[in-house]
Every structure is written in C-alpha cells, then in structure tokens.
A.B. asks: 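Quick one: the structure is below, and I'll ask about it shortly.
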Amino acid sequence: MRFFLQLSLRNMEGGLERVLGVVRFRGFRVVEMSAYSNPNGEDLAVTLKVESQRDGENLKKQLDKLFDVRQVEMFTTTPVPTPVHSGYGMPVAAVG
Amino acid sequence: MNGAQFVVKALERENVEFVFGYPGGAIMPVYDALVEAKFKHVLVRHEQGAALAADGYARATGKVGVCMATSGPGATNLVTGIANAFMDSVPIVAITGQVPTFYMGTDAFQETDMLGVTMPIVKHSFLPKTAEELVWMIPEAFRLAQSGRPGPVLIDLPKDLQMAQIDAPLVEAREQPSVPAPDASALQAALELLEESERPLIYAGGGIGMAEAVEPFRRFVETTRIPVVTTLKGIGALPGDHELNLGMLGMHGLKAANMSVQEADLLIVVGARLDDRATGKLDSFAPHAKLIHLDIDPAELGKLRRPAVSLRGDLAAGLASLTVPVAIRSWRKTCLDRKAAHAWDYNAPGEGIYAPRMLRRLSDTCSDKTIVSCDVGQHQMWVAQHIEFLNPYQHLTSGGLGTMGYGLPGAIGAWLGRPDHEVIVVSGDGSIMMNIQELATLNRYGIPVKIILFDNSHLGLVRQWQELFFEERFSEVELADNPEFVQVAASFGVRGMKIEHRDQEQEGLEALYNAKGPFLLHVVIDPNTNVWPLVPPGKSNAEMMEGAKS
Ligand SMILES: Cc1ncc(C[n+]2csc(CCOP(=O)(O)OP(=O)(O)O)c2C)c(N)n1
C-alpha cells in the first residue's frame, strides 16, 4: 500500500535523518519526498510518499514520538502541497 | 565559566549523584571541571561498563543514570549499553566528547559520528553547535529521558564548546507534561469486557514498576482476584509468592502461565509490549482472548496485536478505574490448580550442584533489601524462574537486548544507588568474561557486590539450542579453557571460593553473605543441565517442551 505522510519538523541536527531512519527501520520504502525549510531555517515541512505491506498507522505513531516531529499527518491521496505553515518555500531536498 | 564547568553545574542542578565514565582527549575539559564537582565520578574500566552501570543505577533507583566517555572509541564503547537502555526503556543520559566543531566532518582524530551511530537506539540525541545551547539542552535531556516511556538520551559535546565561555544562568527543565488518564469511554468499554469475561488473565509488564504503579496494580489484582502472568521485566510487580501469581510466561515461562494464557478469553495487558519471547508465535498466541491494553506509549497499542480496547495513558489511573470485583471462581480455581500441579520439583539426580535449587535456597534468604543483577543465558532464566522477587526494582535483567556482561556493571550502579541493599550478581562463565574488568571497580571503591558464578564450562543457552535444534552439532560453545575464576578475582583484590558438590551449597552461600567486601562464589555445575520448560523458537506457547534435569 502507498500513502503520504506530511510532517512538520524542528530543523535540528539530524531531524530529517531520524524521520527517514524510522521509516526504513519500521519497514517502509520512500517513493517520493520533498522538504522545505521556513525562512529562519528553524522548521522543516516534509512530505513523504511511502509504500509497505505494513500498517501505516503504526508508522505514524512511531514518527509522532520523535522529539523533532511537531506534527505528522497521514493521507491516502496526495495532500495539499507544502507549505503547511506560512513561510515555507525554501527547498532543501527533493527526490523522486 | 566555560562550557565544561557549565555542564558540571547543570548535572549538579539535576541532582546527579554519580557519573560513570572514562576520560579521553575530547572530553578532557569536562574531566578538568569534575575535580570541583559535588557529585562523584566512578571510573569504570571499559565504557560499556559505564553505560551498563548507569542503567543499573537507573533501574534500581528510578532516577536518571549518567555515563560519560570521550569521542571515537570511548563513545562507540558506550553503544551496547545505550542500546540496552533503549530496549528496556531505562532513563539514562550519555555524554560523549566530540572533536571541535571546526574539525567535525573532516575525519579528525577520534572523530565518530555519534549522532549517526546512535540514532536508532536513543530516545533523542543532541549535538549543540554553540555553548549557549547547553543551557536548555542539558535539562531537556534529563526531562526527556524520564518523560512518558523512558529511554536513553545522548549529548554529543564538541570540545570547543566545552572550552567556550558561557555567561548564561542555569535553567530548570520544562515541566514534565502530566500523563493523562485513559479515555473515559474506553475505560467504560474495558469495564464491560471485564464484566462479560469468564476467563480473564492479567499480563503484567515492566511498565508497572517504571510508572510507579505497583500499589494500584496490586489493589487491582486483590480486588478483581484475576490470576496474573508476568513478562521477564514484569517480575516483582506482584510478589513472587503471591497466590494469584502464575509466574513468567513465554519461551522459558512456567507451564501454568503459558497454558492459562492460551485458554483465557480476555487478557489485560498492563505496561507490556507483547515481545516475541513472551508471546511465542504471534498467530497462535492467546487465540481465544480479546485484549485490553494499557500503556503509556501509543505506538505499542496495536503494534503487534489489535486490542479490543486501548487504554493509553497513566497506568495508575487506568488500573484504578478497572478495580472492581469480578465473578470468576471456577476459572481462578482452574489456574491455581494448574499452578499447583506444575510446581517446581527441585529433586535432581547426582551429587553435583543443581542451579535452580541453589537459587531457590538463595531466594529463601532474600528480603526486600536484596537486588539481583543477572547476566544472560540459562542462569538468567533460572533467576527469573526460581527467585521470588518482592518488587520489580529488585530484579535487574537485560530483557530486550539480552546483553551478556550486564550483570556486574549493572550491580555496581545498583549498589551505589541503593547502598543499604545486598546486591548479588548471578552470572555465567561466558557472561562474566564480557565485563570482568569491572572487578577492578568493585575493588577500587570497596563496593560489596556478591557474585554467584554458575560455571558449566559452556555457553550454556547456546549449547542447549544446538543440542535441541541443531542436531547436537556443537559449535564454539565449549569453554574448558576458562581461567581459574577465584584466582582472577583474587588478582583484582576480590575474595572468592569455589564449590562443586551439593553439600557445599550452604557453606558457599554463607561465605558469600558473610564476606565484608565484594566476593565471588564460583559454582561448578553440570554442562548438560538445560532450562525447562522451553517453547521452541517460532512455535506457539502451547508447544512447551520439558526435559530431564540433567
Ligand atoms: C553480548 C552477547 N553476545 C552473545 C550473546 C548470545 N548468547 C546468549 S546466551 C549465551 C551464552 C551465555 O553463556 P553463559 O554466560 O556461560 O551462561 P549460561 O547460558 O551457560 O548460563 C550467548 C552466547 C548475547 N546474548 N550477548
């Protein structure tokens, strides 16, 4: 199954890496990804499209526990594109 | 004040009593500042010992354990201990030196990317880039280690920040968010299930002790009078000799416990994560039971089995709401009859020492002021099976990671945290060698930890699996070349005694108890003695094997 995750992160040391690490370790594969920092660089808005046979709800709960993650939401269809908060718009990474 | 002095002040502010550590280049400014510290630094002889001692301190006291190491090899030596704390949800803070920020990312001498190395085994990790960030990061690290589901937090501390000036005042940590009571409608649904159930069973985990919910848990058991099975970490949530305690479930669980779980129509899972060593093959685990699952960590609810009712939040509050009498007389009798029918039999053939019986003897002399810290292997399972613990914090065992080498450093941390307790290590001849250097720490600080070393001249648990599941093709499990352990201990300044015959058991235990300082009792046992019962790996808990005692 494929679905989308939209996250708002504290853009601290290792934040994005931690999110991707949890996605991998819990058994999900990234199919698409985009990440934008807000102008002062403190926050990062991340959208991931992932796939797995496993239950996405469990992944969402694991991500929600991360200190860097302010908010995470799950969508089965393409979510409203970032920016999720005003002020986002500086791409820091885009693949897929 | 420089950053290093600030770190020491901030640790004092957190009421740290002990830091377990080992110095080196990238953490030298902090070691310099430690000269004036109000808390004590405990010098271990390998950084793994520092992390595991911090873990033992935390488990025994409920406070945060602290360990410290230099960058590179010092920091990587902490890794097993950090993973150990992560798997068993133990609150520790690990502080590692790091090369100066301007060298980071250049493969500098003793530079290891510790943030990267530890990422999947910490609750969180901090890498400050300015000295000012330490002001909030240190209290936040302590807060995070203890909040919600506890766990390890790493602070990787570049050396230039340790030497930079900080003028900021110390700050208090943010308040811990209060843990909410479980949702009222879910509690109502749980009460209805409890009411309807004819064969309910309580599945007690390590979360009960960690949430300091032992008292409300016991009130819940006494009022409902529902029989209880425990996980390895749940041991002690109910006293070992309690009538309703059916014992540990799982791979080396008690027959009465596993059989009752398989028949139950309702499992009330309290502060546990349904680990595979406890559940056996998940598809056939408790096939008739609905689940009420209470836990603080939402990610555990539904992770492995979907509960009929999830009660996320404060265990004490959740349990209090479920503390109602239930009418299950005949089921209770079935469970208790089964417990009686499968009670341990300590008769074993031969003249040698039968470890389970010796541990039962030890158990009879234990009080609520005894702590047992185990290593990993057959002896660890015998401790879980045969010692009756009164409280969870008295049983220190590496559950999730199964770390050979935990016992001795874990005991060092435990005794320093609770010096009014008798702290006993139960180890094996394989495990003891993993952190034998910490005998020097016992001697250095006069820590009166007592060690019972069961020597079967094998990696017993692996030998048992090779015997049973690999057609007796024994591969690299024989340790006939072990050193003379009593002599090894003596050269570290630790007294000891060796016993081999059944009639020496009492004498050995007396020597152990009467010794003023640390002591090692070397107990030779039969290598063919296996741990029973046993659920073969990948099998259902209904398929327990029993075998001969030796
Ligand atoms: C660090 C580490 N390495 C390997 C293992 C795998 N292992 C589990 S039990 C065991 C044997 C332990 O032998 P010993 O300490 O002598 O205890 P016994 O089983 O004989 O009681 C081994 C090698 C482990 N758990 N931890």
Side-chain angles (χ1 to χ4, degrees), chain A residues 1 3-30 33 35 37-44 46 48 50-76 92-93, chain B residues 83 86-87 89 98 101 104-105 113-130 133-134 136-137 140-158 161 174 177 273-274 293 295-307 310 312:
Chain A
M1 200 185 69
F3 59 91
F4 296 87
L5 289 161
Q6 203 165 60
L7 302 104
S8 160
L9 301 187
R10 288 187 176 89
N11 195 7
M12 283 173 53
E13 218 63 47
L16 183 58
E17 216 177 318
R18 255 183 261 272
V19 167
L20 294 175
V22 169
V23 169
R24 170 188 56 75
F25 175 67
R26 297 291 169 184
F28 295 78
R29 222 164 64 87
V30 176
M33 178 177 112
S37 94
N38 68 351
N40 62 18
E42 280 175 7
D43 277 27
L44 205 56
V46 181
L48 296 174
V50 300
E51 72 175 4
S52 177
Q53 302 299 320
R54 296 195 174 185
D55 178 11
E57 198 53 47
N58 282 339
L59 174 62
K60 176 175 178 282
K61 286 196 262 184
Q62 294 292 350
L63 290 169
D64 221 0
K65 290 205 292 183
L66 293 176
F67 178 78
D68 312 274
V69 172
R70 292 189 197 280
Q71 204 188 330
V72 50
E73 293 198 74
M74 221 175 107
F75 301 91
T76 45
V92 294
Chain B
F86 184 73
M87 292 296 282
S89 312
Q98 183 52 281
T101 47
M104 285 179 70
D113 172 16
M114 281 314 288
L115 212 69
V117 167
T118 58
M119 211 164 258
I121 53 165
V122 292
K123 200 169 157 188
H124 189 62
S125 43
F126 292 105
L127 174 56
K129 288 295 180 70
T130 64
E133 283 180 297
L134 291 173
W136 67 269
M137 276 182 185
E140 187 67 10
F142 278 80
R143 188 191 70 80
L144 271 176
Q146 288 175 291
S147 72
R149 177 177 180 169
V153 177
L154 175 89
I155 305 175
D156 198 29
L157 200 54
L161 307 194
R174 289 190 293 148
R273 61 186 173 86
L274 302 176
H293 196 164
D295 206 279
I296 194 163
D297 181 357
E300 290 303 336
L301 303 171
K303 183 179 84 176
L304 290 161
R305 174 140 163 189
R306 195 161 292 282
S310 294
R312 195 256 142 177

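Remember, it's a predicted structure, so these values are computed and weren't measured experimentally. So you know, we letter chains A, B, ... as the sequences are listed, proteins then strands, and number each from 1.
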A.B. asks: Output yes when a side-chain donor or acceptor of A/K61 lies under 3.5 Å from a complementary backbone atom of B/L301, and no otherwise.
C.D. replies: yes

A.B. asks: Can you tell me if CZ on A/F25 sees more than 12 non-hydrogen neighbours from other groups inside 6.0 Å?
C.D. replies: no

A.B. asks: With a 4.5 angstrom heavy-atom cut-off, which part of B/L115 approaches chain A: side chain, backbone, both or neither?
C.D. replies: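 Just its side chain gets close to chain A.
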
A.B. asks: Do you know which two heavy atoms are closest between B/A299 and A/K65, and how far apart they sit?
C.D. replies: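 Looks like CB-CE, 3.9 Å.
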
A.B. asks: With only heavy atoms counted, which part of B/P298 is less than 4.5 Å from chain A, the side chain, the backbone, both or neither?
C.D. replies: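 When you check distances to chain A, atoms from both the backbone and side chain of B/P298 fall under 4.5 Å.
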
A.B. asks: Would you call the rings of B/H124 and A/F67 parallel, tilted or perpendicular if under 30° counts as parallel and over 60° as perpendicular?
C.D. replies: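 Because their plane-to-plane angle lies in the 30° to 60° range, the rings of B/H124 and A/F67 count as tilted.
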
A.B. asks: Taking all non-hydrogen atoms of both residues into account, name the closest pair between B/G116 and A/E17 and its distance.
C.D. replies: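 So the minimum-distance heavy-atom pair works out to CA-OE2, 4.4 Å.
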
A.B. asks: Rounded to the nearest 0.5 Å, how far apart are CD of A/E13 and CG of B/D156?
C.D. replies: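 The CG atom of B/D156 is 9.5 Å from CD of A/E13, to the nearest 0.5 Å.
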
A.B. asks: Near A/R29 CZ, under 6.0 Å, is it more than 12 heavy atoms from other residues, nucleotides or ligands?
C.D. replies: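 Incorrect, the count does not exceed 12.
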
A.B. asks: With only heavy atoms counted, which part of B/E300 is less than 4.5 Å from chain A, the side chain, the backbone, both or neither?
C.D. replies: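 Contact with chain A: none, neither part.
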
A.B. asks: With rounding to the nearest 0.5 angstrom, report the CZ to CD distance, B/R306 to A/E57.
C.D. replies: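 B/R306 atom CZ to A/E57 atom CD measures 8.0 Å (nearest 0.5 Å).
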
A.B. asks: Hey, what do you get for NZ (B/K303) to CG (A/D55), rounding to the nearest 0.5 Å?
C.D. replies: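 CG of A/D55 is found 13.0 Å from NZ of B/K303.
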
